[in-house]
Structure formats: C-alpha cells, structure tokens
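Take a look at the structure below.
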2 protein chains.
Amino acid sequence: MSDTKATQAKRQRTGVRVTMATVGRMAGVSQVTVSRALSEPDKVSADTLRRIHSAIEQTGFVPNAIAGALASQRSRLISALVPSLTNVVYSSFVKTFSDSLREAGYQLLLSETGFEPEEELKAIASHLSRRPDAILLTGIHHSAQARKMLLGADIPVVEAWDITDTPIDMCVGFSHVEASRAVADYVMATGYTQAATVTANDERAHRRRDAFAARMTSLGGTPVAAHDCEGPASIASGRAALSDLIEREALRTGVIFCSSDVLAQGLLIEAQACEINVPGNLAIIGFGDQEFAAHLEPALTTVRVDRNRLGKEAADTILTRLNGGEKKRVVVDLGFEIVTRASA
Amino acid sequence: MSDTKATQAKRQRTGVRVTMATVGRMAGVSQVTVSRALSEPDKVSADTLRRIHSAIEQTGFVPNAIAGALASQRSRLISALVPSLTNVVYSSFVKTFSDSLREAGYQLLLSETGFEPEEELKAIASHLSRRPDAILLTGIHHSAQARKMLLGADIPVVEAWDITDTPIDMCVGFSHVEASRAVADYVMATGYTQAATVTANDERAHRRRDAFAARMTSLGGTPVAAHDCEGPASIASGRAALSDLIEREALRTGVIFCSSDVLAQGLLIEAQACEINVPGNLAIIGFGDQEFAAHLEPALTTVRVDRNRLGKEAADTILTRLNGGEKKRVVVDLGFEIVTRASA
DNA sequence: TTGTAAGCGTTATCAT
DNA sequence: ATGATAACGCTTACAA
C-alpha cells in the first residue's frame, strides 16, 4: 500500500493499465528490460526475451507511444495539411506521401485546411503542439505568423504543390505560372486568339488564371474573360460556368482553360447539352489529367502533374532529412506536361 | 548549475526548449499557473493572465500536447482507418467525420489500410499505441486478434459503412445485403431477367455482388455472370469489364450491377464505343451516387448512400460517448436509396 | 488566486 | 545482460 492518494484516485477513474512494469513483473525482469526487449532485442538474452513476449501476449500489452515520444523527444508522427481531401488531386498525393512514411515507421496526422490562411494557421498550431517529427504544407503562401511558428518548431518543413526560391525549409512541386504560360503558348500556337478561364476557389488556380490571361494578352490575344466559381470544383459548377460565359460574354468560340479536369468535364457536358461542338466551336482545356480525362468524349486536353511522384518526393525529402541528411534548402521542381487530346 | 548530467546531455542535442516553466519564469509565476492560464483562464487573475500571454507571445511557446496527453490520459486524438483515400466515397466520409471532430477539439490520426485484414491489424496496433480517445474502423469484419485489442483499449470503437447486431462497440452504416436485394428487386420489377455484376476488389462490394446474385436467382432470374476487377475501381477497369463480359459471356443484353459509379461510368463509355445502346440493349446500375452520376449520358441509375451523414453520425456517436454518454451498444442504420435514372 | 508535489509510461544514461 | 535513476513537460490533487 505505498500508493499515494493521487495514484489511488487515478486507479479508480481508469481501468487496469498494463505497462512495461506490469509485463516486467510478470516476466521477472525490470521495466527497462521490457523496453529493451522491444527496441533493441539483441541486447536481451533469448530466454528473457521469451518470457517477456509471453507476458506481453498474456496481458495484451500495447506500448504507450505517447510516453515513448515524451521521453525520446521523437513522436514518429508526421503532419500533413492539405486544402481538400475529397479532391482526388490531393487525396492521391496524400496517399503516396503516407505510404512512403508508413513504410519508414511514421504515422500521419492529417488536417484539411481549406484555402483560408486563418484555418491553416490554427491547424499549424494544433499540429505543432503534437510535436510531429516533420510537417507537410500545401502551397507556398503562409502567414508571417505561420512561418515563424514553423521555423521555431525546428523540424523539417515541406511545402508541396508549388515552387519558390525561398521556401520555409524545403519545397517540392512545380511552377503554376510556367504551366499556365505553357498552356497559353500552346493555345496561341494552335491558332486560338479568344480565350476564357473557369477557375475554382483555390489560390493556386487563381494564380494560374492570372498567369494565363497575362500571357495571352502579351502574345496578342484578346482579353481573357474569366468565370470564377464559388465553391470547390464540381461538374455542376462547370456547367454553370459555361452557361454563364455564354450568356454574359456571348462566348461561343475560342478556348476555355479550366482550373481542373472536373470543371472541364462540366463544361464538356454543358457544351453537349447546348449543342456546341467541341473543339469545333469551342475548345476546352483541363488541369490535372485525372483518370477520366482520357475517356471523355472528346478526350480532354489537359495539364499533367505527377501527383504520385509529388507525394513520394515530398516523403523522401523528409525522410532523408530525418535520417541525418544535412539541413540544407531543398527545392524540387517536378515540372508538368501538356497532354494534347481532342478537346483543344 | 543544478542540472544533472542527463539534462545537460539533452540540452546539447536539442535546441532551446520553451516550456510552461520557461513562460512561468518570465511571467513571474509558477509552471502550474501557466497551465491554468491556458486551460482554465477564469481561475487566474487578469493581471497574471496578461503577463503570461505576453511571455507566450515573446517566447513563441507552443504547448506540448504529448506531455499533456500523458499526464491527463487523454490524447484528444481520434484514429480513423479507411480502406482507401483516393476513393471519393471514403474521402468525403473522412472529411465530414474529421470536420465534426475538429470542431470538438480532436485531431485525426489517419491510415489507409486497403482491404487486407493483416494490414488492418498492424494499423490498429500502431494506432492504439498512440492512445487515441476513440477509433473508427471501416467495415464489420475484423480478425479475432483485432477485436481483442480494440476491446482491451477500452475506448469508443465505431465500425462504419456496414451494419451488424454484434458490433465491437458501436456501428453506423447500412446493410449491403439489403441494398443489393433492393437492386435485384428493382431489376426484376423492371423486367430484366438476365443480369451480371462488375465488382471492384472490396470486401463489401463482394458481399453486394453475392447478395444480388442470390436474390436474382431466388426471384427466378437466370444465373448472374460476374466479372471481378483486380485492383481498385477505375474507368479503365470498367471498360475492360464490359469488354470481358461481352466476349466471355456473350452478354449484350440484360442489366449490369456495378460495385461503384466509376466502374459504371467505364461500362457506359465502353458501351458507347461498342455501339451498345444503354439502356435499350444493356442497362447499367452503379453504386454510390457520386456527383457525376446524374450528369452522365444516359444518367446513371445508382444506389445513394448519404456519405456525409455517415461521417457526421460516426463522429456524433463518438462525441456523445466521450462527453459522458453511457456506454451502450449503438447501431445506426442510415439506409440507402435507389436513384432511378435513365441507364436502367 | 497561486503554489507544491506526485504521477503519467516511456527512453537515456550510467552502473553493475 | 540487466537494473537504478533521472528526465521528458505536462495535469491533477491538495495545500496555502
């Protein structure tokens, strides 16, 4: 009965707790030996190991990673903040990212932050409080306060889906400005001079829209009409967008650069409904090269970004650093590719 | 110089660490007061609060949730295991689930487990080691070992996306057997007697396939041909499936029940390529009612499941329990709805 | 309103 | 090969 009052009180609130000490007692060794048996088994005799494992089996002991993290100052947790989970573009990226990490023994703390900087700041703070071993952010625009917190955390920080010469720490992505300019170049080279954009509510998409419009103008095209969608990309909003452009801008010819393949699909469907021939009358270009793009009728011209590679590279830069890689600025440009199909 | 050697060693390896003690020293109070200032501010005087916040500001202090979790025996972490992140069906579910939880102050520890029970078991173990306050699983089929671990964890466990009278703890979903029977009933009532299935590699989809085939047979239909896809659902695999059914089963009439809308879209596209009229010659039914289903040509008949509500209900059952709700078995059947459109 | 002390369950260090 | 002991940075109970 050497328990203090506090201990007794806790015992009452909670169920029986199996710890390394419990296991050790049962196996006739101290708690430390149990810890060793799990993390450095070759430093423990075969017989002891056997007894410990048998005790673990009997008790159903599950090591407490929280205590381990506190003691070792390593959480084996990696944070990821993405704007959207339901957008396949990001979810497939998260998938490859987390696959690589899990293989290396890390777990994923995930948050969807939308496109509001304030939301992101709150998410960053709450993630950092968990002391992740590294953190992944989407995009390169973060509030000053966010940058300060991240720098202060003193962990690897990867900014994905974009490129900058001045990342907080490391970045893996591609240039949205370059990609948009390439699309404009392709459009002009193909002979379209009239263009419009349909853009979802996404900061990177906005930058693509602007870079595209600027390039078109500088190449001698007519001013680019723009339709910006309220919410996330959907077929319905794509249809509404085309409908709006037709009505508001009397647009029935030229090319429309959409911020995502889903929007483009919406435009394609609406065009068909309005009996507008694509690409005969109106050409349509998407972004992302999702699986369905190649199967649409007409097949969709779009911009391909290697999302899987993006996820893997992001994970790799983190793992390299965590495995003792020197702390240097890393900027990986994965590029993009214009995939020319029937729609433009 | 009252530091022990261990402390000194740690100091060397790591950067300067800002803790509540640091903040307290700067604000002229003890560490506990800082803790109180953050968790129960009204128990701290206004002036002290001011000094503490100023110190927090200056130091960039971020509370260590790991230490907090260890001390309080509450991690404020919720685990979720889903078979796939890239499948919108699950990702939208995860989204609503995590939205509800975040609002309540919890963070999401997420793993994609695929459809292999072994993978799931490993994931469960590694999640439980983080001592989540609750855990969400997809489906109701888990290994005996998994059930034992989960029971031992003594936390709320929600099994989602399916229904059973004997959940590990709580479950929220719908009956895949009922849904498939309803589809078969609809099919027979509509007058089709010949049917086939196209099924992705998903345990619940397999059960739907079997229940559908059994009902068709018991209602007097001809034996149901089946095409099972290797990997996850995709348009390409849907196209290949139809092509296979045509070739192998000489199927050019009747109805095909697909395990997902994406597969169904693939079939629709392949049918068009083969100049098979839908639904004139071949009727097609999907599953899930994704956004694009209504926009396809012909619009897709499918089974609607309210994924958002599923995510929200799953979160709610957890939160209710965590907020002191009595520990009783909860089984929520969200049902389904056959959405009749042009394709069947 | 504030402080002291114990404890959370590990890992790290140093002895034996 | 094993153990004793001190952190890790908080929260809880209790005292002042």
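These numbers were taken from a predicted model, which means no experiment stands behind them. The sequence lines fix the lettering, A, B, ..., with proteins before strands; numbering per chain opens at 1.
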Derivation and outcome, side chain to side chain donor-acceptor pair (under 3.5 Å), residues S111(A) and T113(A): CA-CA 6 Å; S111(A) 284; T113(A) 54; over 6 Å; no

Separation of atom CG in L38(A) from atom C1' in dG9(C), rounded to whole Å: 13 Å

Separation of dA13(D) P from Q73(B) CD (nearest whole Å): 12 Å

Sugar-phosphate, base or nothing in reach of T48(B), heavy atoms under 4.0 Å: sugar-phosphate

Separation of atom CZ in R51(A) from atom P in dA1(D), rounded to whole Å: 14 Å

Nucleotide nearest M20(A) (side chain, heavy atoms from C-beta), chosen from dG3(C), dT11(C), dG3(D): dT11(C)

Lys/Arg cation over aromatic F93(B): R307(B), 6.0 Å, 45° cone: no

Nucleotide of dT2(D), dC10(D), dG3(D) approaching V44(A) most closely (side-chain heavy atoms): dT2(D)

Pair T317(B)-T320(B), side chain to side chain donor-acceptor pair (under 3.5 Å): steps then yes or no: CA-CA 5 Å; T317(B) 55; T320(B) 302; over 6 Å; no

Phosphate OP1/OP2 of dT11(C) contacted by S35(A) side-chain N/O (<4.0 Å): yes

Verdict with reasoning, D169(B) to V158(B), per side chain to side chain contact (heavy atoms under 4.5 Å, CB included): CA-CA 6 Å; D169(B) 181 12; V158(B) 176; over 6 Å; no

Distance, rounded to the nearest Å, where I52(A) contributes CD1 and dA1(D) contributes C1': 11 Å

From dG7(C), dA4(D), dT10(C), nucleotide with atom closest to S30(A) side chain: dA4(D)

Nucleotide dT10(C), atom P - distance to CD1 of I66(A) in whole Å: 11 Å

Proximity to the side chain of L70(B) - top-ranked nucleotide from dA12(C), dT1(C), dG9(C): dG9(C)

Quiz item: R36(A) side-chain donor-acceptor pair to dG3(D) base, under 3.5 Å: yes

Along DNA chain D (nearest heavy atom to each residue), the more 5'-positioned of E40(B) and Q31(A): Q31(A)

Length of the NZ-P vector between K43(B) and dA16(D), whole Å: 19 Å

Whole-Å distance separating the CZ atom of R25(A) from the P atom of dT2(D): 18 Å

Side chain of V32(A) - closest among dG3(D), dT12(D), dG9(C): dG3(D)

Short side-chain N/O contact to dT2(C) OP1/OP2 from S45(B), under 4.0 Å: yes

N/O (side chain, T33(A)) to phosphate O (OP1/OP2, dT2(D)) under 4.0 Å: no

Length of the line joining R76(B):CZ and dC10(D):P, which is rounded to integer Å: 16 Å

Pair M20(B)-L38(B), side chain to side chain contact (heavy atoms under 4.5 Å, CB included): steps then yes or no: CA-CA 10 Å; M20(B) 287 184 171; L38(B) 294 175; 4.0 Å; yes

P63(A) vs L49(B), nearer the 5' end of DNA chain C by closest nucleotide: L49(B)

